[in-house]
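In what follows, a structure is listed as structure tokens, so that the remarks can point back to it.
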2 protein chains.
Amino acid sequence: MENTTTPDDQYFEHHAFVHKRLSTENHRYTTGRHRLVDALAESAQPLTLPEIVEIAPDLAASSVYRNLEVLERCGVVNRITSGGGHAHFELAEPLLSHHHHLVCVSCGTIEDVRLDDELEALLDQNLNLLADRASFKPLHHSLDLHGHCAECEDPA
Amino acid sequence: MENTTTPDDQYFEHHAFVHKRLSTENHRYTTGRHRLVDALAESAQPLTLPEIVEIAPDLAASSVYRNLEVLERCGVVNRITSGGGHAHFELAEPLLSHHHHLVCVSCGTIEDVRLDDELEALLDQNLNLLADRASFKPLHHSLDLHGHCAECEDPA
DNA sequence: CTCTGAATGAGACTCATTATCAAAACTGAG
DNA sequence: CTCAGTTTTGATAATGAGTCTCATTCAGAG
């Protein structure tokens, strides 16, 4: 009897989670949406629309856009708008652990990085203080480091 | 004999700085650009293009866009793209001290907030460490708190 | 199986931003 | 001051990421 979670378990948990989130808003977890979530889950980095369509060429661009919108509203997907060009999309917090981004200003790719838990807690505490002072009701924070990725800096 | 800087001094210092930045790239500090910088300097918050044009109606939208681009390349202006709708623009770091943003997800306004120096230093240190580990050459970081502003949360 | 509302996909459309280009303004040399 | 060579301007056209439309298809309840 297993009491550790295998990758397969995780896979089904993810989809169960998405299914629940969608159905509570009267949305269906269709094949297309399933494929979209798979594409995002299998990628190491946040993806743009063209990248998603390249990975899953059977998905129609207009449907992908619509479904990203639906999934975003349901808290399954995060949209990252780091300026010029396409937005990037990734799975949201419960599916992907809290993290931040290294944004390459020259090629536009985005890499995930995780901050020390202690620092993250300290940061959250201070941000909540600031927000409170401004009567601002915080939902989430985003911390991006902009610069040049290894590839662009030193094209081997 | 004064040895403290007055608001007027600051005003001229700002413009001297912009002038220098522009001229090192063979650009002129024209009246239109001067007005644009004034509009940004006089505002408490980062502005969108329609807001800039409303403040300074004699500026042509196409010129403002072009000049924001020029000023951005010269490191005088920062562009903030927080998703849907217009981008926001503010003066860059040497003219405005380092700060972060409270982004209202419902009305889109952006407010500036400053973090404790100590925390900021700690954050920078950790980010540099992460960047180094990924062979990423950092330029600057951005930390935005997304949520609902006082006005949207509680429309008096 | 049937029925109903949700989802799909191709294409039209929006609209923030960028590019174009002729006219105007500025700069430095003579 | 004037001329030549730039840069800037501003109205307008073009771009393009993202959204909307709508007829068709599909999923799930009964």
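Just so we're clear, the structure is a prediction, and the values are computed from it rather than from any experiment. Here is how names work: the chains are called A, B, and so on, in the same order as the sequence lines, proteins then strands, and each is numbered from 1.
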Separation of atom [atom1] in [X] from atom [atom2] in [N], rounded to whole Å:
{"X": "Glu51(A)", "N": "dG18(D)", "atom1": "CD", "atom2": "P", "answer": "12 Å"}
{"X": "Leu59(B)", "N": "dT8(D)", "atom1": "CG", "atom2": "C1'", "answer": "13 Å"}
{"X": "Leu68(B)", "N": "dG10(D)", "atom1": "CG", "atom2": "P", "answer": "14 Å"}
{"X": "Leu71(A)", "N": "dG18(D)", "atom1": "CG", "atom2": "P", "answer": "16 Å"}
{"X": "Asp58(A)", "N": "dT25(D)", "atom1": "CG", "atom2": "P", "answer": "18 Å"}
{"X": "His27(A)", "N": "dG28(D)", "atom1": "NE2", "atom2": "P", "answer": "14 Å"}
{"X": "Tyr29(B)", "N": "dT9(D)", "atom1": "OH", "atom2": "P", "answer": "12 Å"}
{"X": "His19(A)", "N": "dG28(D)", "atom1": "NE2", "atom2": "P", "answer": "7 Å"}

For this session: Decide, yes or no, whether a salt bridge links Glu153(A) with Lys137(B) under the criterion of side-chain N to carboxylate O below 4.0 Å.
Result: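 Looking at Glu153(A) and Lys137(B), the cut-off is not met.
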Mind checking [X] for me? I need base, sugar-phosphate or nothing, with any heavy atom below 4.0 Å counting as a touch.
{"X": "Arg33(A)", "result": "sugar-phosphate"}
{"X": "Thr30(B)", "result": "sugar-phosphate"}
{"X": "Ala61(A)", "result": "nothing"}

For this session: Kindly indicate whether the side chain of Phe89(A), heavy atoms from C-beta on, has any atom under 4.5 Å from the side chain of Leu68(A).
Result: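 In contact.
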If hydrophobic clusters are built from ILVMFWY residues whose side chains come within less than 4.5 Å, do [X] and [Y] share one?
{"X": "Leu91(B)", "Y": "Val70(B)", "value": "yes"}
{"X": "Leu143(A)", "Y": "Val103(A)", "value": "no"}
{"X": "Leu36(B)", "Y": "Ile80(B)", "value": "no"}

Exercise. So, Tyr29(A) versus His34(A), ring centres under 6.0 angstrom or not?
Worked result: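 Yes, they do, as the ring centres are separated by less than 6.0 Å.
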Exercise. So, for His141(B) and His101(A), is the gap between ring centers shorter than 6.0 Å?
Worked result: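 No - the distance between ring centres of His141(B) and His101(A) does not fall below the 6.0 Å cut-off.
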Exercise. End-to-end bend of the helix from dC1(C)-dG30(D) to dG30(C)-dC1(D) (five-pair axes, 10° rounding)?
Worked result: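 About 30° separates the two local helix axes.
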For this session: Apply salt bridge (charged side-chain N to carboxylate O under 4.0 Å, His left out) to the pair Arg21(B) and Glu25(B), showing each step before the final yes or no.
Result: CA-CA 7 Å; Arg21(B) 279 290 175 98; Glu25(B) 307 245 1; over 6 Å; no
For this session: Give a yes or no on whether the backbone of Ala87(B) and the side-chain of Thr48(B) come within a donor-acceptor separation of less than 3.5 Å.
Result: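 A pair under 3.5 Å: no.
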Problem set entry | First encountered from the 5' end of DNA chain C, between Val70(A) and His86(B) |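 Per heavy-atom nearest nucleotide, the more 5' residue is Val70(A).
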Problem set entry | Residue met sooner reading DNA chain C from 5', once Thr31(B) and Arg66(B) are mapped to nucleotides |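 So the residue in question is Arg66(B).
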Exercise. When you check the phosphate oxygens OP1 and OP2 of dG10(D), does a side-chain N or O of Ser63(B) lie under 4.0 Å from one of them?
Worked result: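 Result: yes.
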Exercise. Hey, where on DNA chain C does chain A first and last touch, going 5' to 3'? Cut-off is any atom under 4.0 Å from a heavy atom.
Worked result: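 Nucleotide range in contact with chain A: dG5(C) to dG11(C).
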